[in-house]
Number of protein chains: 2
Amino acid sequence: MSQKLCNECILHTDSEICLRNQGLESLHNHCSKVKFNPGETIFKENAINAGVVYLKSGLVKIHTCTQAKDRILRLTKAPSYLCLPSSLGASVNRFTATALEPTEACFIELSTFRQLIVENGDFAYQIITALSQREMNNFHVSLNLGQKQANGRVADALLYLANDIYENDSFVIPFSRQELGDWIGVTRESISRILAEFNATGIIRQEGREISILNKELLEQISEKG
Amino acid sequence: MSQKLCNECILHTDSEICLRNQGLESLHNHCSKVKFNPGETIFKENAINAGVVYLKSGLVKIHTCTQAKDRILRLTKAPSYLCLPSSLGASVNRFTATALEPTEACFIELSTFRQLIVENGDFAYQIITALSQREMNNFHVSLNLGQKQANGRVADALLYLANDIYENDSFVIPFSRQELGDWIGVTRESISRILAEFNATGIIRQEGREISILNKELLEQISEKG
DNA sequence: ATACGTATGTGATTTATATCACAAATATCG
DNA sequence: CGATATTTGTGATATAAATCACATACGTAT
């Protein structure tokens with residue numbers, strides 16, 4: 001992996017700006033790219049954290065598995081930083097990251113990342129803006145989980161997958177009913193019933209994990225009303 | 001408000017580092033301090049956003065009021081940045097901030113804040129670390145709201161107020177039962193019942209809005225088990 | 001293809017909690 | 001101070017969703 005590629009990829013900005021920084025010549029020496037297949041673990045909770053993980057491509061779930069129950073917190077789609085908090089906020093990963101689709105991840109040493117931030121204000125501002133937007137999303141998730149009932153949550157999950165993850169009203173749910181339930185806090189049985197109902201009323205067409213949203217306005221209403 | 005005071009307060013770092021930055025001499029010209037009494041609005045959703053708000057002292061709730069129902073998303077305690085996302089992620093505030101206790105807030109122009117970040121890498125890194133820790137907290141909130149039942153949520157709310165907000169096992173809840181319910185997604189009636197039950201079993205001592213946690217271990221267990 | 005394990009669908013029942021209704025306590029204001 | 005509004009507590013009931021139980025479908029490996 002050449003230095004130029006690394007800079008362009010990680011910094012998301014033109015190389016002229018990157019070259020301003022003396023620290024950058026070492027980026028490609030402190031960064032490694034790894035490929036993951038669906039189901040493979042990228043990092044594990046309770047492991048000492050390995051540094052910053054940048055997702056180059058793919059889709060990942062952040063989850064935690066306590067007392068035999070898997071609980072999914074977020075999906076993260078490339079390109080983005082994967083769960084920075086696990087890297088900066090604590091010395092031990094508090095969550096597990098698992099690939100849902102074929103994924104390429106770049107591992108950057110924490111000291112290198114820190115150097116990039118400190119020496120490159122534009123890069124720092126980019127990261128801060130991205131984290132801020134993420135907090136907005138977190139607020140939305142909180143509203144969804146805290147104040148809606150099951151069909152509202154399912155509606156919201158489908159809209160999220162369509163709008164934010166796949167950018168298409170037809171998609172294949174990247175996990176089982178069980179996992180979908182673990183994500184939005186509903187049992188797999190209720191998920192089945194609600195999807196069947198949405199299917200019967202023509203809001204979606206559903207066949208196994210394939211979903212097509214047919215009546216987005218109605219789905220949005222259901223999500224709104226909770 | 002002198003420049004020196006502003007720098008020390010906002011940057012949380014020694015003035016030597018601050019002085020490195022040419023932009024800083026203008027901080028005190030682009031920053032204003034305002035006092036708020038409990039119940040007063042600091043900024044309102046749907047208003048064009050005024051810049052970055054730094055909380056110097058006090059306690060604030062971030063909430064949103066749709067269809068006559070108030071929904072509380074987070075509490076934010078000084079010193080900290082108040083809901084940066086509303087400033088950076090969008091041009092219009094998506095949430096309302098209201099003081100719960102007497103609060104001092106500093107309003108910083110967005111361009112000034114940006115300049116601080118871009119020119120002061122250490123400051124930027126501080127902000128990024130703080131935002132990362134906030135995301136950790138958000139994950140915790142999601143687990144709490146999404147996967148726990150009412151008594152677990154109430155237990156968690158009490159522990160949060162004791163540990164994170166007041167740093168004392170005895171405190172006065174800064175809002176009504178209704179608001180507490182709006183925060184954790186439980187009706188005020190259920191809140192009453194659960195607090196009465198905690199009181200009866202000796203986990204807490206409760207009188208009106210005054211709370212003392214008597215058996216923290218048990219409360220933690222209830223919060224854990226959901 | 002067959003067999004085994006896993007995932008999914010669906011009914012019956014139970015349970016937690018929202019809703020409704022009203023009383024009591026507390027705060028606010030003239 | 002009394003009158004009114006707001007907040008809180010508590011019982012009865014309704015309801016959403018979990019749990020339990022089992023059937024069916026699907027996937028994978030031999």
Side-chain angles (χ1 to χ4, degrees), chain A residues 37-39 61 65 67-72 98 100 144-158 172-201 204-211 222-223 225-226, chain B residues 37-40 61 67-72 98 100 144-158 172-201 204-211 222-223 225-226:
Chain A
N37 290 318
K61 65 171 176 178
C65 192
Q67 58 212 12
K69 221 191 158 194
D70 198 45
R71 308 193 286 185
I72 298 175
T98 303
L100 290 172
N144 200 36
L145 292 178
Q147 326 266 354
K148 286 181 191 170
Q149 53 195 59
N151 57 355
R153 294 186 191 192
V154 172
D156 202 76
L158 295 178
V172 176
I173 298 180
F175 37 52
S176 69
R177 299 284 187 267
Q178 181 68 60
E179 282 173 299
L180 179 52
D182 292 336
W183 180 31
I184 61 175
V186 171
T187 58
R188 57 163 201 86
E189 293 96 327
S190 293
I191 299 272
S192 278
R193 277 185 259 264
I194 290 164
L195 286 180
E197 189 207 316
F198 284 179
N199 194 55
T201 48
I204 63 170
R205 207 174 58 74
Q206 170 231 15
E207 192 159 337
R209 298 189 183 183
E210 283 172 43
I211 299 277
I222 292 169
S223 166
K225 280 195 303 184
Chain B
N37 290 318
E40 287 184 334
K61 66 171 175 178
Q67 57 212 14
K69 222 193 157 192
D70 197 44
R71 308 193 287 186
I72 298 174
T98 303
L100 290 172
N144 200 37
L145 292 179
Q147 326 265 355
K148 285 181 192 171
Q149 53 196 60
N151 56 357
R153 293 186 192 191
V154 173
D156 203 77
L158 295 178
V172 177
I173 299 181
F175 38 54
S176 68
R177 299 285 188 268
Q178 181 69 59
E179 281 173 299
L180 179 52
D182 292 337
W183 181 30
I184 62 175
V186 170
T187 58
R188 58 163 200 85
E189 293 96 329
S190 293
I191 300 272
S192 278
R193 278 184 260 263
I194 290 165
L195 286 180
E197 189 207 316
F198 285 179
N199 193 55
T201 48
I204 63 170
R205 207 175 59 74
Q206 170 232 15
E207 191 160 336
R209 295 188 184 182
E210 283 171 43
I211 299 278
I222 292 169
S223 166
K225 280 195 302 185

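In the text below, chain A, chain B and the rest are named by the order of the sequence lines, each starting its count at 1. Computed from heavy atoms alone, side chains included, the values below leave out hydrogens, waters and symmetry copies.
Residue contacts shown for B:R153 are absent, as no nucleic acid heavy atom lies under 4.0 Å away. Within the nucleic acid shown, B:Q206 comes within 4.0 Å of sugar-phosphate atoms alone, with no base atom in reach, counting heavy atoms only. Note on A:G185: only backbone sugar-phosphate atoms sit closer than 4.0 angstrom, heavy atoms only; bases stay farther off.
For the OP1/OP2 pair of D:dA17 and a distance below 4.0 Å, the side-chain nitrogens and oxygens of A:R193 include no atom meeting the criterion. Taking 4.0 angstrom as the limit, A:S190 places a side-chain polar atom (N or O) nearer than this to OP1 or OP2 of D:dA18. Phosphate proximity of D:dA17 to A:T187: absent, as no side-chain N or O sits under 4.0 Å from OP1 or OP2.
The separation between B:I173 atom CD1 and D:dT7 atom P is 15 Å, rounded to whole Å. Between the NZ atom of B:K225 and the C1' atom of C:dA16 there is a distance of 15 Å, given to the nearest Å. To the nearest angstrom, P of C:dA16 lies 11 Å from CD1 of B:I194. Rounded to an integer number of Å, the gap from CD of A:E207 to C1' of C:dT8 is 13 Å. Rounded to a whole Å, the CG atom of A:N199 is 15 Å from the P atom of C:dT8. Here the C1' atom of nucleotide C:dT8 and the CD1 atom of A:I211 are 13 Å apart, to the nearest Å. Rounded to whole Å, the distance from CG on A:L180 to C1' on C:dT8 is 13 Å. If you measure from atom CG of B:L195 to atom C1' of D:dT8, you get 11 Å, rounded to the nearest angstrom.
Put simply, the side chain of B:F198 reaches to within 4.5 Å of the side chain of B:N151, judged on heavy atoms. The shortest distance between side-chain heavy atoms of B:V154 and B:I222 does not fall below 4.5 Å.
Crowding of B:E40 atom CD: a count of heavy atoms from other residues, nucleotides or ligands under 6.0 Å exceeding 12.
Of the candidates C:dT17, D:dG9, C:dT10, C:dT10 carries the atom nearest the A:E189 side chain, counting heavy atoms from C-beta on. When each of C:dA21, C:dA18, D:dC20 is scored by its nearest atom to the side-chain atoms of B:R188, the top-ranked nucleotide is C:dA21. Counting only heavy atoms from C-beta on, A:Q149 has its side chain closest to D:dA16 among C:dT8, D:dA12, D:dA16. Looking at the side chain of B:V186, the nearest of the listed nucleotides C:dA12, C:dA18, C:dT19 is C:dA18. For A:R209, the side-chain atoms get nearest to C:dA7 when compared with the rest of C:dA7, C:dG9, C:dT17.
One finds no salt bridge joining B:D182 and B:K69 here, because no Lys/Arg side-chain nitrogen approaches an Asp/Glu carboxylate oxygen to under 4.0 Å. Between A:D70 and A:K61 a salt bridge is recorded (basic side-chain N to carboxylate O distance below 4.0 Å).
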